[in-house]
Protein chains: 2
Amino acid sequence: MKMDERKQQILLAIIKDYISTAEPVGSRTISRKYKLGVSPATIRNEMADLEEMGFIEQPHTSAGRIPSNLGYRYYVDCLMQLEQLTEQEEGTIRSGYENKVREVGEVLNRTGRMLAQLTHYTALVQTPQLGKSSYKHIQLVLMGAAQAILIVVMDTGAVHHQMMVVPENITQQDLDQISGVLNAKLQGRTMDNIRLTLIKEIYFELARHRNILDLAIELMQDRIPSVKEDKIHLEGVFNILNQPEFHNVEKVKVLLSLLEQEGTLRDILEKPKDSQGITIKIGSENARQEIQNCSMITATYQVGDKILGSIGVLGPTRMDYARVVTVIDSMSRNLSRTLERLLKGQG
Amino acid sequence: MKMDERKQQILLAIIKDYISTAEPVGSRTISRKYKLGVSPATIRNEMADLEEMGFIEQPHTSAGRIPSNLGYRYYVDCLMQLEQLTEQEEGTIRSGYENKVREVGEVLNRTGRMLAQLTHYTALVQTPQLGKSSYKHIQLVLMGAAQAILIVVMDTGAVHHQMMVVPENITQQDLDQISGVLNAKLQGRTMDNIRLTLIKEIYFELARHRNILDLAIELMQDRIPSVKEDKIHLEGVFNILNQPEFHNVEKVKVLLSLLEQEGTLRDILEKPKDSQGITIKIGSENARQEIQNCSMITATYQVGDKILGSIGVLGPTRMDYARVVTVIDSMSRNLSRTLERLLKGQG
DNA sequence: ATTAGCACTCATCGAGAGAGAGTGCTAACA
DNA sequence: TGTTAGCACTCTCTCTCGATGAGTGCTAAT
């Protein structure tokens, strides 16, 4: 049996209708709404074929048809026509990424919020995997009253600061000296990359300031890695409540308890290693049992050539694929561009 | 009609039973479970009295009784006996606030998470209202490659930093000079408190560095207030799904759409101005229509004598008041103590 | 190849019966 | 006078059953 033009038309009609109504689609509906110039009976014959081919299925004998995972897959691969975002939506996105936003975290938050808002599904945003960041600049600044602030700038552009107590009689000159040595020894090194011998060297050169060093190095090793570099940010979780497939609370709970675990989020967002661009996982194509009635559309974002992370949208398999792909494509481009601006041209 | 010992016992039994089962309580149940030494018939008589007095009500003729708002109020004011936290729970809280946590934001996050986890309801945590913070120390640090970092320490202990572009040929000495003037003029002032004449003075003294100043002052005025100082952090929102009163999705949606708006959260958490300690709002005592089938228990936290904010727990009116009061009391004390440590004794 | 007609299936809805929980009232009892 | 057993009554909840209707597959006609 081969997939001729008319079968495609009918499959397309079923999918479109089901996406928008969440109700099984009957032959009558198709012939009425989507003028294909053939009678319901003809459509029924074709539908029987489509079912045999595995593209659609029947919830029960006297119901219409709904798309199968395979059907969605065929739609996504062959039939789907991308939409255009409206002027207004483009505007929303653009203004979300406008110049004033200067912090990476804020950009990611907004990305999530916009994704959720524009798609009405749940958005996932992975923080940039900047890789092992190395120390770029270390500076101790006296703040008066036996307090100093330790500032650590990483090569990724991230800046960490931390207040610390210093002896009463210390001067900015002392601190500069310490900063100087720390910079000389640690610049360009990653956190794991600091050998014990290096630390010894530092202590040797700065024996006089042992106690400050103790504190500073402890802070650098202990506090700074705590910045979560592999978080996945969720937004619009409640949108699932608007989906009829989640009208009973038990199903919502199953999904939510999955989404609550950071680790599984990572699995869900995960993409084939070398993939770039947009990936679509439909229903059972998802590894996780709990979201096999969901689909996940993800896209990567990058700075330069380096892929830094993914953003994704999670919704029911009966998801508006065309819409989501369009949105996520636009968002990932915008996000990449914005991060490029933030991480490279610092301003 | 007066509230004798036995009526109290019966009211207490009804409330306890209803809190744990969410089912209307009948006379038979009370006489069986809570041995009061009287027959169901006697209890029925008393219940009729309690209903007349407004403490309990009947969903319909052939059902048991459920506590009314007034009943809960009487329970909370007169009958409730606080529980003790278990060793393990005490441990959870203590370790959540242990020394290693050094950041205010992190402390608040944990507070919310623990509150939600220990109560199984929804937790609200208000960020500390530190009041108008004034500049304590301003410092520009050259970071090489025409970049500098602007560090602003507020008297509250908050530290903000921001990268900025500076001319290629600038030196740390120049930056120190600028920092010096900025400190001299701005120290002790609040953000709104900087008069135009002051800015003019600064520009006069540092005419040479006009462009750096432009940027620095813009950043100080523009970026730093963006740190959200009046946010309310929600945690455990999904816990409401486990409450039978939210078993249908529509009710969940109503509540969630309320909780999504930051402004209304503020209303909900708001307490009488001079109140301190724990406040309980039961059902219709809440201003908001949408949560009149909910109760809200809030407590303030403070550093020294100054009340900085509130934490709260939102659950159905059929909430385990004794438990929540105990937890929230312990948490608010711990939170106060921890913030005291963080904000005063910096280290 | 297409379509009208028709018998058949099955979910959904509403009505009605029965069960069960709980009450209020009455009368008996200590 | 307070307590209790007994009983009729109410009302929700659940289950069943038939009607309804949407949709199908098959057959025969075009």
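So that the names make sense, note that chain A is the first sequence line, chain B the second, and so on, each numbered from 1.
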Subject >> Steps toward salt bridge (charged side-chain N to carboxylate O under 4.0 Å, His left out) verdict (A:Lys251, A:Glu245) >> reply: CA-CA 8 Å; A:Lys251 286 187 185 166; A:Glu245 26 274 274; over 6 Å; no

**OP:** Just call it for A:Thr61: base, sugar-phosphate, or nothing, with non-hydrogen atoms closer than 4.0 Å on any strand.
**Re:** sugar-phosphate

**OP:** For A:Ala63, report the nucleic acid contact type (base, sugar-phosphate, nothing); a contact means any heavy atom under 4.0 Å.
**Re:**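 Sugar-phosphate, backbone atoms only, no base.
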
Original post:
Given B:Arg65, which of B:Glu23, B:Glu57, B:Glu52, B:Glu51 fulfils the salt bridge (Lys or Arg N to Asp or Glu O under 4.0 Å) condition?
Top reply: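 Among B:Glu23, B:Glu57, B:Glu52, B:Glu51, the one meeting salt bridge (Lys or Arg N to Asp or Glu O under 4.0 Å) with B:Arg65 is B:Glu51.
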
Original post:
Between C:dG24 and B:Arg65, is there an OP1 or OP2 to side-chain N/O distance shorter than 4.0 Å?
Top reply: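 Yes, B:Arg65 has a side-chain N/O under 4.0 Å of OP1/OP2 on C:dG24.
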
Original post:
Is any side-chain nitrogen or oxygen of A:Ser27 closer than 4.0 Å to OP1 or OP2 of D:dG23?
Top reply: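 For A:Ser27, the contact criterion (side-chain N or O under 4.0 Å from OP1 or OP2 of D:dG23) is not met.
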
Value in whole Å for how far the [atom2] atom of [N] lies from [atom1] of [X]:
| X | N | atom1 | atom2 | value |
| --- | --- | --- | --- | --- |
| B:Glu46 | C:dG24 | CD | P | 13 Å |
| A:Glu51 | D:dC26 | CD | P | 11 Å |
| B:Ile10 | D:dT3 | CD1 | C1' | 12 Å |
| A:Leu36 | C:dT2 | CG | P | 12 Å |
| B:Glu23 | C:dA21 | CD | C1' | 11 Å |
| B:Asp49 | D:dG2 | CG | P | 11 Å |
| B:Arg44 | D:dA5 | CZ | P | 10 Å |
| B:Glu52 | C:dT23 | CD | P | 16 Å |

Original post:
Does B:Gly37 or B:His60 map to a spot on DNA chain D nearer the 5' end, using the closest nucleotide for each?
Top reply: B:Gly37

Subject >> Position toward the 5' end of DNA chain D (nearest nucleotide), A:Asn45 or A:Thr29 >> reply: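 Mapping each residue to its closest nucleotide by heavy atoms, the 5'-most match is A:Thr29.
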
Subject >> Base C:dG22 to side chain B:Arg28, donor-acceptor N/O within 3.5 Å cut-off >> reply: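 Checked by distance alone, the answer is no.
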
**OP:** Examine the base of D:dC11 for any acceptor or donor lying under 3.5 Å from a partner atom in the side chain of B:Ser62, and report the outcome as yes or no.
**Re:**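 Such a pair is found, so the answer is yes.
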
**OP:** Decide side-chain contact (heavy atoms from CB on, under 4.5 Å) for A:Met296 and A:Cys294; before the verdict, give the C-alpha distance in whole Å, the side-chain angles of both, and the deciding distance to 0.1 Å.
**Re:** CA-CA 7 Å; A:Met296 179 85 207; A:Cys294 290; over 6 Å; no

Of the listed nucleotides [options], the one nearest the side chain of [X]:
| X | options | result |
| --- | --- | --- |
| B:Gln58 | D:dT4, C:dT23, D:dG25 | C:dT23 |
| B:Arg6 | D:dT3, C:dT3, C:dC25 | D:dT3 |
| A:Ser39 | C:dG22, D:dT4, C:dT3 | C:dT3 |

Subject >> Result of checking A:Tyr72, A:Tyr74, A:Tyr18 against A:Tyr321 for ring pair (Phe, Tyr, Trp, His ring centres under 6.0 Å) >> reply: A:Tyr72

Original post:
Taking the six-membered ring for Trp, are A:Phe238 and B:Phe238 parallel (under 30°), tilted (30 to 60°) or perpendicular (over 60°)?
Top reply: perpendicular

